[in-house]
Amino acid sequence: MSAARPIQDAPVKGIQATFVRVLPDAVSARGLSAAPVWDALGLKVDEAPEHTRVPVAALCRAIEVACRLTGDPLVLMQAAQAVRPLHLGSLGYALMSSPLGEDGLLMYERFQTLLCDELLARHRVAKGLIEVRHEAVDTPLPRDARFWWLLLGARLGFARWVSGRDLVPVRIDIPAPRPSQADAFDRFIGSAVRYDTPDCRELMPADWLAWLNPNADPAMHALMQARTAQQLASQPQGDALLMRARIVLSERMGQGLDLSLEAVSQALHADASDQAPTTPRQLQKRVSDQGLSFKDLIEEVRRERALRLLRDTSQAIGEIAQACGYTEVSPFHRAVRRWTGLTPAQVRQQALTQAPAATEHP
């Protein structure tokens with residue numbers, strides 16, 4: 001057991017306020033008072049400082065308020081399509097001026113913690129497809145489909161605007177129940193949308209990586225990339241590195257791969273090949289700065305992964321045990337009981353009984 005960490009005020013995690021303001025702005029554009037939406041976001045009306053973060057939970061509440069005020073889920077698509085570089089700061093302008101689709105995707109993943117440090121997106125290319133998976137860092141994935149409508153809709157809407165193309169994904173997976181009137185989002189996406197999935201994923205044609213950006217501007221791109229790098233460098237990097245390490249650990253755990261300090265450090269470097277290598281010593285120091293050992297970190301990730309799969313999926317318990325690195329079910333049972341005082345089946349049942357009933361949203 002590691003020593004208890006001292007209690008200290010932690011910085012607020014969430015999504016950059018300059019981005020989330022597209023939601024109250026969309027309500028205002030309909031001639032309605034958006035004050036209740038600003039209040040749900042925890043922001044003053046018409047004030048969204050660049051360095052202010054809005055927790056994902058607060059954004060979910062604001063989405064509920066916006067849909068209730070307008071009586072129309074299309075307000076979320078309207079907000080998503082309104083995202084422009086100014087909502088993303090210098091990163092937005094760097095993305096807008098990047099030469100290729102692949103450059104923009106890699107840049108977004110490198111600097112994404114400037115925009116959101118509660119969720120991280122990572123991609124891989126296989127069998128002619130780009131697969132982007134969105135992972136929560138310290139909390140469960142949001143179970144509100146409308147949150148994903150706004151987030152994924154904004155990503156797609158911005159890509160369409162930058163490229164000047166009517167980009168249509170192959171498939172979208174949303175880890176939440178399908179709400180009423182979901183056809184509006186289906187039409188916006190233009191392809192299959194699956195709900196109640198274990199993870200949030202976007203599947204896109206791999207040839208998107210090679211499209212030429214009609215807005216490419218090498219001088220602006222170099223300037224804005226440098227400014228974005230400076231912003232990232234000015235922020236504490238321990239949290240960002242640990243977030244990436246948690247996601248790498250979770251992925252490798254699910255694939256049955258090596259979870260050693262050396263293997264994870266190498267994987268972190270492979271995911272960010274344009275940055276300086278992450279050495280095992282650097283990763284160990286970041287972990288130690290949080291009052292943890294690397295073994296503690298693996299245990300935390302294993303616990304988070306196991307409980308999320310038990311609560312949010314219908315996978316068999318044996319499959320979940322294997323996906324969390326256990327070769328047999330009995331040690332998995334003991335671990336879950338140690339973490340929660342309950343059996344895996346009881347954890348799942350508790351989640352089912354505590355889940356709010358599905359509601360019909362306008």
Side-chain angles (χ1 to χ4, degrees), residues 9-83 87-88 112-113 115-121 134-155 157 172 174-182 184-185 188 195-196 200 304 308 311-312 351 353-362:
D9 292 333
V12 174
K13 289 187 176 182
I15 303 175
Q16 192 179 79
T18 53
F19 170 80
V20 301
R21 74 164 299 148
V22 295
L23 182 60
D25 285 349
V27 173
S28 296
R30 296 188 174 207
L32 301 170
S33 170
V37 184
W38 286 102
D39 185 60
L41 291 170
L43 299 172
K44 295 180 180 179
V45 174
D46 287 328
E47 292 187 17
E50 183 177 0
H51 300 296
T52 299
R53 301 271 178 167
V54 174
V56 166
L59 178 54
C60 289
R61 291 193 296 270
I63 288 170
E64 170 70 32
V65 173
C67 288
R68 188 172 67 247
L69 284 173
T70 61
D72 183 5
L74 287 175
V75 71
L76 300 176
M77 271 61 84
Q78 179 184 345
Q81 293 179 85
V83 174
H87 297 109
L88 309 177
Q112 63 184 300
T113 54
L115 299 178
C116 179
D117 53 7
E118 274 196 271
L119 299 167
L120 290 183
H134 298 264
E135 286 275 359
V137 177
D138 296 319
T139 58
L141 288 168
R143 293 279 293 167
D144 185 340
R146 297 166 306 167
F147 166 82
W148 296 108
W149 289 358
L150 178 60
L151 182 68
L152 303 181
R155 284 170 56 87
I172 298 291
I174 293 180
R178 179 184 177 94
S180 62
Q181 299 190 9
F185 184 70
F188 174 74
Y195 291 85
D196 266 330
C200 178
E304 291 165 4
R308 177 175 64 80
R311 291 166 176 161
D312 296 342
T353 58
Q354 291 180 351
T359 57
E360 295 293 306
H361 296 295

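Note: hydrogens, waters and symmetry copies are ignored here, and every other heavy atom, side chains too, is used. Residues take their numbers from the sequence shown, with the count starting at 1.
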Using the test side chain to side chain donor-acceptor pair (under 3.5 Å), find all partners of [X] that sit at least two apart in sequence or belong to another chain.
X: Arg178; value: Asp183, Asp186
X: Gln16; value: Thr18
X: Asp39; value: none
X: Glu135; value: Arg133

For residues [X] and [Y], report the shortest heavy-atom separation together with the two atoms involved.
X: Pro177; Y: Asp196; value: N-OD1, 3.6 Å
X: Gly14; Y: Asp117; value: N-OD1, 2.8 Å
X: Asp144; Y: Cys60; value: OD2-O, 4.2 Å
X: Trp148; Y: Pro142; value: NE1-O, 3.0 Å
X: Leu32; Y: Thr70; value: CD1-CG2, 3.8 Å
X: Pro73; Y: Trp149; value: CB-CZ3, 3.8 Å

Straight-line distance of [X] [atom1] to [Y] [atom2], nearest 0.5 Å:
X: Leu41; Y: Ile63; atom1: CG; atom2: CD1; value: 9.0 Å
X: Arg311; Y: Arg143; atom1: CZ; atom2: CZ; value: 12.5 Å
X: Leu152; Y: Phe188; atom1: CG; atom2: CZ; value: 10.0 Å

Are the side chains of [Y] and [X] in contact, using a 4.5 Å heavy-atom criterion?
X: Leu23; Y: Leu59; result: yes
X: Leu141; Y: Leu119; result: yes
X: Arg146; Y: Cys67; result: yes

Residues forming a ring pair (Phe, Tyr, Trp, His ring centres under 6.0 Å) with Phe19, sequence neighbours excluded: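 With sequence neighbours excluded, Phe19 shows a ring pair (Phe, Tyr, Trp, His ring centres under 6.0 Å) to no residue whatsoever.
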State which residues pass side-chain contact (heavy atoms from CB on, under 4.5 Å) with [X]; sequence neighbours excluded, sorted by chain then number.
X: Ala176; answer: Ala145, Ile174
X: Ala184; answer: Leu74, Met77, Arg187
X: Ala58; answer: Val54, Pro55, Arg61

Side chain to side chain donor-acceptor pair (under 3.5 Å) partners of residues 21-38, not counting sequence neighbours, each pair once: Arg21-Asp25, Arg30-Asp72, Arg30-Gln78
Between Thr52 (side chain) and Ala48 (backbone), is there a donor-acceptor pair under 3.5 Å?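 Not at all, since once roles are kept as given, no pair shorter than 3.5 Å links the two residues.
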Taking side-chain contact (heavy atoms from CB on, under 4.5 Å) as the criterion, tell me which of Leu151, Val20, Ile15 meets it with Val56. Ile15
